[in-house]
Amino acid sequence: MSFPLLTATAVVPAIGAIATAAVPAAKRTVAKWLALLFSLATLALALVIAVRFDPGAKGPFQLTESHAWIRDFGVRYDLGVDGIAVALIALTALLIPFVMLAGWHDADPLEGEAAPDGGSAAGNRRYSWRPTQGFFALILAVEAMVVLSFEATDVFLFYLFFEAMLIPMYFLIGGFGDRAGGRGEQQAAAQRSYAAVKFLLYNLVGGLIMLAAVIGLYAVTAHQLGTGTFSLTQIVQARASGALNIDTGTERLLFLGFFFAFAVKAPLWPLHTWLPNAMGEATSPVAVLITAVVDKVGTFAMLRFCLQLFPEASSWATPVILVLALISIVYGALVAVGQRDIKRLIAYASISHFGFIILGIFAMTSQGQGGATLYMVNHGISTAALMLVAGFLISRRGSRLIADFGGVQKVAPVLAGTFLVGGLATLSLPGLAPFVSEFLVLVGTFSRYPVIGIIATVGIVLAALYVLVLYQRTMTGPVGAEVDKMPDLRARELVVVAPLIALLLFLGVYPKPLTDIVNPAVQHTLSVVDKKDPKPTVQVDAVPGAGRHGQPAQTQDVEAAK
């Protein structure tokens, strides 16, 4: 039997979570290094998956694993990856070590903080308000569940991990939140608790609605196929052969159940309101975990499950979804412009970016969906770079308010420079990775929905506004008294930021390694939905040889014009 590579990629961080949590309380540094080693081992396995994946191979999934699990209910342990999953697994495995390094001291006891016995956390090494082992163990647990979500080709198996990842995320937000701003522990804890509960409730409601749709899908397959199944491959094949024919009303209801859960996770307007609270109250590394890793499961699932399981319903819902995505783009960018809190600004910017991703997915073109997949990866890298540098900045000043900064580039030029590159990537500057993604999304949308494509470009203008204003107010101008002694990036922080900046530059000028992997998966998805790219047209004012004075303007195929 071949080595279960996909299972190993999820099991390694799961074992790492258990091992890290078991480290004695006094051995915080040991726990950190152990967790980092497990995350690097997961990254190595993800790279092996990328190397072994063959973009030209036949069939939708590779490196598949299939085992019976709950036979009576048709539940199987089915794993497989396409190019989209490979790219997102690599993104997840890449970001987790940087998240850990950036949050190296985020869960340490705070200097002088009172312990329950009347002493202080600094003087009592066995006590900590924020147990380090738990923080790093929870990050590894999230990684394991996200990776399995990208690998699962059984709908029920996917649902389990789609929901299970909420638990460690809840504790990461509520138990290890941001302490910036001079708030007391009681106030900070109350706001963290509110953000964590809101995150959990929104996603649980979406998950419960999806569960009803999952059960409905099983009932439909049991009725028409004789045996109920949750296998994505079997259901798609049965639909293609005509053995499974879901009536229109039922298919649309099932689609809405799945899409609602994914739209909450994504997050799509108007189901987005949990994200600014969660990212604002979480530590900066955990905020990266939310928007760059966990939220990608929602947009990924739209491609893998919504479009492939319910092709007719996906086409039916497309106009409304495109409008919602357009609102997300413009609304998120507009609200970001008016933000006074750095982390909430980045959160609303992410809402706008997720609007672009969903727009590309439901444009139903190869450029749109290819661009959306690249956007998932590039947004993860650019947001991680910007948010982590912002976290370093906030920790130095002790405040998240933009007004509390100014003149940072004069005292910490490397910090300011990396912050600028992360910001320019966020506004999709040509030459940086997100530009390629955004360009493809807009081209793919315009080719089928030109009006929506034109309006969506407003998001680009607004992105330039909020990013440049943020940089101007925090990095330029006179140096404030509180900023005057601010240190520049340290060696550990440079190790976090430099590779992300390098990736933004590399993928900005040479995205081919990613496009080669994801394009076959995009073409497969479009074939399942039975969509083809619109034929390009040109305006021909006079066709040679048509007459002495030419003919009236007419639109012809490019090939015909040639």
Side-chain angles (χ1 to χ4, degrees), residues 95 98 102 180 279 284-285 287-288 291-292 332-333 336-350 352-353 375 378-397 399-438 459-480 482-484 486-509:
L95 291 182
F98 295 132
M279 288 185 66
S284 293
V288 170
T291 190
V337 171
Q339 287 301 304
R340 296 180 297 173
D341 183 308
I342 296 175
K343 291 171 71 175
R344 290 179 68 90
L345 185 152
I346 298 173
Y348 279 106
S350 288
S352 181
H353 296 150
Y375 216 137
N378 294 333
H379 169 264
I381 299 170
S382 62
T383 299
L386 181 61
M387 179 59 86
L388 293 179
V389 177
F392 300 148
L393 180 69
I394 291 167
S395 66
R396 284 160 165 74
R397 176 65 177 83
S399 173
R400 305 194 317 240
L401 297 180
I402 297 172
D404 289 341
F405 295 88
V408 174
Q409 68 180 12
K410 297 177 182 177
V411 296
V414 177
L415 189 156
T418 53
F419 189 82
L420 178 61
V421 175
L424 293 177
T426 298
L427 64 82
S428 299
L429 183 76
L432 297 174
F435 170 75
V436 180
S437 317
E438 201 163 276
I460 301 175
V461 179
L462 293 173
L465 180 60
Y466 63 69
V467 167
L468 295 178
V469 168
L470 172 64
Y471 184 83
Q472 180 189 32
R473 292 179 178 176
T474 56
M475 302 296 166
T476 65
V479 180
E482 297 84 358
V483 176
D484 187 47
M486 181 177 289
D488 214 333
L489 291 183
R490 303 178 180 91
R492 172 179 57 85
E493 295 166 339
L494 283 171
V495 169
V496 171
V497 177
L500 298 176
I501 299 296
L503 271 175
L504 290 174
L505 292 169
F506 175 77
L507 294 175
V509 298

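If you're wondering where the values come from, they're calculated on a predicted model, not measured in any experiment.
Val288 meets the side chain to side chain contact (heavy atoms under 4.5 Å, CB included) test with Val99, Ala292, Ala384, Met387, Leu388; sequence neighbours excluded. Not counting sequence neighbours, Asp404 has no partner by the salt bridge (Lys or Arg N to Asp or Glu O under 4.0 Å) test. With sequence neighbours left out, Ala336 forms a side chain to side chain contact (heavy atoms under 4.5 Å, CB included) with Leu345, Tyr348, Tyr466. Qualifying salt bridge (Lys or Arg N to Asp or Glu O under 4.0 Å) partners for Arg396, counting only residues two or more places apart in sequence or in other chains: Glu493.
The local environment of CZ in Arg340 is sparse, with at most 12 non-hydrogen atoms from other residues, nucleotides or ligands closer than 6.0 Å.
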Passes side chain to side chain contact (heavy atoms under 4.5 Å, CB included), Ile402 versus Asp341? Steps please. CA-CA 6 Å; Ile402 297 172; Asp341 183 308; over 6 Å; no

Show the numbers, then the answer: is there a side chain to side chain contact (heavy atoms under 4.5 Å, CB included) between Val408 and Phe419? CA-CA 11 Å; Val408 174; Phe419 189 82; over 6 Å; no

Apply side chain to side chain contact (heavy atoms under 4.5 Å, CB included) to Leu507 and Ile381, showing your working. CA-CA 10 Å; Leu507 294 175; Ile381 299 170; 3.9 Å; yes

Could you give me the CA-CA distance, side-chain angles and deciding distance for Met279 and Thr291, then say whether side chain to side chain contact (heavy atoms under 4.5 Å, CB included) is met? CA-CA 8 Å; Met279 288 185 66; Thr291 190; 3.8 Å; yes

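A heavy-atom distance below 4.5 Å is found between the side chains of Ile346 and Ile342. Counting only heavy atoms from C-beta outward, the side chains of Leu95 and Leu500 approach each other to under 4.5 Å. Using a 4.5 Å heavy-atom cutoff, the side chains of Ser350 and Thr383 are in contact. Contact check for Val411 versus Val483: side-chain heavy atoms found under the 4.5 Å cut-off. Taking the side chain as every heavy atom from C-beta outward, Ile460 and Leu427 never approach each other to under 4.5 Å.
Summarising the geometry, atom CG belonging to Leu386 is positioned 10.0 Å from atom CG belonging to Leu420; distances are rounded to the nearest 0.5 Å. To the nearest 0.5 Å, atom CG of residue Leu401 and atom CD of residue Gln339 are 11.0 Å apart. Considering OG of Ser284 and CD1 of Ile394, their distance stands at 5.0 Å, rounded to 0.5 Å.
Among all heavy-atom pairs drawn from Gly459 and Ala333, the shortest one is O-CB, 4.5 Å. Across all non-hydrogen atoms, the minimal contact from Ala385 to Ile501 is CB-CD1, 4.4 Å. Ala433 and Asn378 make their closest contact through O-ND2, 3.1 Å (heavy atoms, listed as atom of the first residue, atom of the second, distance). Considering every non-hydrogen atom in both Arg490 and Pro487, the closest pair reads NH2-CG, 3.5 Å.
A donor-acceptor pair under 3.5 Å links the side-chain atoms of Asp488 to the main chain of Leu415, judged by distance alone.
Counting only residues at least two apart or in different chains, side chain to side chain donor-acceptor pair (under 3.5 Å) contacts with residues 427-436 comprise Ser428-Glu438. Residue pairs meeting the side chain to side chain donor-acceptor pair (under 3.5 Å) criterion with at least one member in residues 408-427, sequence neighbours excluded, are Gln409-Tyr471.
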